[in-house]
Amino acid sequence: MLLRQRFLPLQTYSLLSASSSSSSSLPFSLYFQKPLSHSIYQTPNLSSPSSVHHIHASASKTSNSPEAAKFIKRELFVPPGVDPEAITGDMILPGSNIVLGPYAGHSHIKEVEFIKSSAKPKDCPKDNFPEFAILGRSNVGKSSLINALVRKKEVALTSKKPGKTQLINHFLVNKSWYIVDLPGYGFANAPESTRMDWSALTKGYFLNRDTLVAVLLLVDASIPARKIDLDCANWLGRNEIPMIFVFTKCDKSKNKKGNRPEENIKDFQDIIRENYRQPPPWIMTCSVSGLGRDELLLHMSQLRNYWDQ
């Protein structure tokens, strides 16, 4: 667990507890005390990253003002090496609450190779490359996101039948780090015994994988928050597993009976605030349009480089 302990400073998602230590001791500050309707969700058009207004006006030019400093402390994921007083609007990744810091580096994917599928965590690769696990409810778009990230069709096979992924699948990127496709959870049509096996498989992976940099927890932004997603986030938080909320399907407009994606995201965050003193970083994505792809890879690069130092 030495590598996991070394990486603990990156974790920003402590559950509320009477015995919790002060958040000022953590290198990353991330707070959500107010709705983000006047900071992130200014523009309804989500077809391109540049259309998402990504920072409060008070912090768009300088963070020296008390209002800007309060906003930064309350809303943003501030990585190591960044002076909060020096943050400006162009340092915030569009469609997210993530500040880009000095550890961000090369994020271009030149090659990707499927390495193996493992039925047990102990069978996973043992070459100590850092890895990002992709987790989410069945049919949330895990395979589509992986294919969009690597820009190759069918690297991770998509299916019209949710729940097809039943193993831990490792994809080696640039011969230096892994994307890990985990079984989806919450597929009602799968046999109960299989669902239980999947749960044991993924939990065993999280608790015993020292090379895990962070979990990309995918949440469908086109529908209201689901209890199963919140339960998963709470389990990861209780077990001190680093996490990024990746909101998928952010291109889908409001239907007759539902909310817009940004409204669902805000509602999800409101619920998370009830349990988390320091919520994880989050980002909006769309596998069809490519929204959030480059930004997510940049953030993964800064986490990976900080982990690997």
Side-chain angles (χ1 to χ4, degrees), residues 13 46 49 77 93 95-98 131-151 155-171 173 178-188 190 195 198-199 201-203 205-206 212-237 241-252 261-262 264-269 271-272 276 279-300 303:
Y13 49 72
L46 301 177
F77 180 93
L93 292 177
S96 80
N97 69 334
I98 300 167
E131 57 193 49
F132 294 85
I134 298 184
L135 178 69
R137 184 173 52 82
S138 294
N139 205 31
V140 74
K142 290 193 300 95
S143 297
S144 295
L145 178 68
I146 293 173
N147 292 334
L149 288 176
V150 303
R151 284 186 171 164
V155 167
L157 294 178
T158 58
S159 173
K160 294 182 180 179
K161 295 182 179 180
K164 295 295 289 184
T165 301
Q166 301 180 29
L167 301 171
I168 301 173
N169 300 307
H170 274 76
F171 300 90
V173 180
Y178 283 113
I179 289 176
V180 184
D181 186 14
L182 295 176
Y185 54 80
F187 181 47
R195 295 203 302 272
W198 290 356
S199 177
L201 175 67
T202 54
K203 288 181 179 180
Y205 167 83
F206 292 136
L212 178 63
V213 176
V215 175
L216 277 59
L217 181 56
L218 274 55
V219 179
D220 189 343
S222 69
I223 59 176
R226 292 291 189 264
K227 182 178 182 300
I228 193 170
D229 294 324
L230 298 167
D231 289 345
C232 182
N234 287 334
W235 186 90
L236 291 169
I241 309 298
M243 174 173 34
I244 307 165
F245 283 128
V246 178
F247 292 102
T248 64
K249 306 180 184 181
C250 289
D251 60 322
K252 293 191 175 181
E262 60 266 33
N264 289 328
I265 292 173
K266 176 185 173 300
D267 291 343
F268 187 92
Q269 291 170 339
I271 297 172
I272 287 294
Y276 281 72
W282 61 265
I283 188 168
M284 301 168 70
T285 68
C286 170
S287 298
V288 176
S289 67
L291 172 69
R293 174 195 179 269
D294 294 343
E295 290 78 11
L296 179 56
L297 286 174
L298 274 173
H299 180 51
M300 292 168 69
L303 295 185

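If you read the sequence from its start, that first residue is 1, and numbering goes on from there.
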To the nearest 0.5 Å, what is the distance between CZ on R137 and CG on L218? 10.5 Å
Would you check if the side chain of R151 reaches a backbone N or O of L149 as a donor-acceptor pair within less than 3.5 Å? no
Looking at CD1 of I98 and CZ of F77, how far apart are the two atoms once the value is rounded to the nearest 0.5 Å? 7.0 Å
Rounded distance [0.5 Å steps], CG in D294 versus CG in L93: 10.0 Å
Would you compute the distance between atom OG1 of T248 and atom CE of M284 and round it to the nearest 0.5 angstrom? 11.0 Å
Quick one: are L230 and R226 in side-chain contact, heavy atoms under 4.5 Å? no
Can you tell me how far apart CD1 (I283) and CG (L298) are? Round to the nearest 0.5 Å. 9.0 Å
Could you check whether any side-chain N or O of K142 sits under 3.5 Å from a backbone N or O of L182, counting only pairs where one atom can act as donor and the other as acceptor? yes
Please examine the side chains of H299 and P281, heavy atoms only from C-beta on, and report whether any two atoms are closer than 4.5 Å. yes
For the side chain of N97 and the backbone of W282, is there at least one donor-acceptor N/O pair under 3.5 Å apart? yes
Hey, are the side chains of I265 and F245 touching, using non-hydrogen atoms and a 4.5 Å cut-off? no
Hey, does L216 have a side-chain heavy atom less than 4.5 Å from the side chain of M300? yes
Say you draw a straight line from CD1 of I241 to NZ of K203; how long is it, rounded to the nearest 0.5 Å? 11.5 Å
Between C232 and L135, is there a side-chain heavy-atom distance shorter than 4.5 Å? yes
So do the side chains of P183 and L201 get within less than 4.5 Å of each other, counting heavy atoms only? yes
Please confirm whether the backbone N or O of N169 pairs with a side-chain atom of D181, one donor and one acceptor, at under 3.5 Å? no
Keeping the roles fixed (side chain from T285, backbone from L291), state whether a donor-acceptor pair exists under 3.5 Å. no
Return the orientation label for the W235 and F206 ring planes: parallel under 30°, perpendicular over 60°, tilted otherwise. tilted
Against Y185, only a single residue in D231, D229, T202 fulfils side chain to side chain donor-acceptor pair (under 3.5 Å); can you say which? D229
So, do V219 and V140 sit near enough that their side-chain heavy atoms are less than 4.5 Å apart? no
